[in-house]
Amino acid sequence: LAAFVAKLSTEGLDEDHIEECLTDCLHRVRIDAVSEKLSQIRAEIARAQREGDEAQLNKLNQQYNNLVKEKAKLVVQKT
C-alpha cells in the first residue's frame, strides 16, 4: 500500500486525488471480497442440497441473501 501511494505521488497527483484513488481501490477490494464469499456460499449451498441438510440450507440461503444485499449497496455507493 505504501508503495502504491508513493507511486501515485510520483505521478503528480495531489493529496485529494491520491485519497480518491485509495478509496476507490479499497471499495473494489470490499466488492471483490463479498463476491468471493458469495461464490463460497454457493458451493456450500450445493453441498447442503446434495446432503439434504435443510437446516444448513436455510442458514446458507439467509447468509447468501444478506451478502447479495450488501454487495448491491456497495455497487450503488460506487455510482
Check: Quick one: are Glu20 and Asp16 in side-chain contact, heavy atoms under 4.5 Å?
Finding: no

Notebook entry, point to check: Taking everything shown except Gln40 itself, do over 12 heavy atoms lie less than 6.0 Å from its CD?
Noted result: yes

Checklist line | From CZ (Arg30) to CD (Glu70), nearest 0.5 Å | finding: 10.0 Å

Item checked: Rounded distance [0.5 Å steps], CG in Leu22 versus NE2 in His17 -> 13.0 Å

Next item on the list: Return the minimal non-hydrogen interatomic distance between Leu60 and Ile41, and the atom names on each side.
Entry: O-CG2, 3.7 Å

Item checked: Closest heavy-atom pair and its distance - Leu74, His27 -> O-NE2, 2.6 Å

Next item on the list: Find the distance between CD (Glu19) and CG (Asp24) and round it off to the nearest 0.5 Å.
Entry: 10.5 Å

Notebook entry, point to check: Got a second to check how far Gln49's CD is from Glu44's CD, nearest 0.5 Å?
Noted result: 12.5 Å

Next item on the list: Apply salt bridge (charged side-chain N to carboxylate O under 4.0 Å, His left out) to Asp32 and list each qualifying residue two or more places apart in sequence or on a separate chain.
Entry: Arg28

Check: How far apart are the closest heavy atoms of Asn61 and Ile45, and which atoms are they?
Finding: OD1-CD1, 3.4 Å

Item checked: Lys59 and Gln62, any side-chain heavy atoms less than 4.5 Å apart -> no

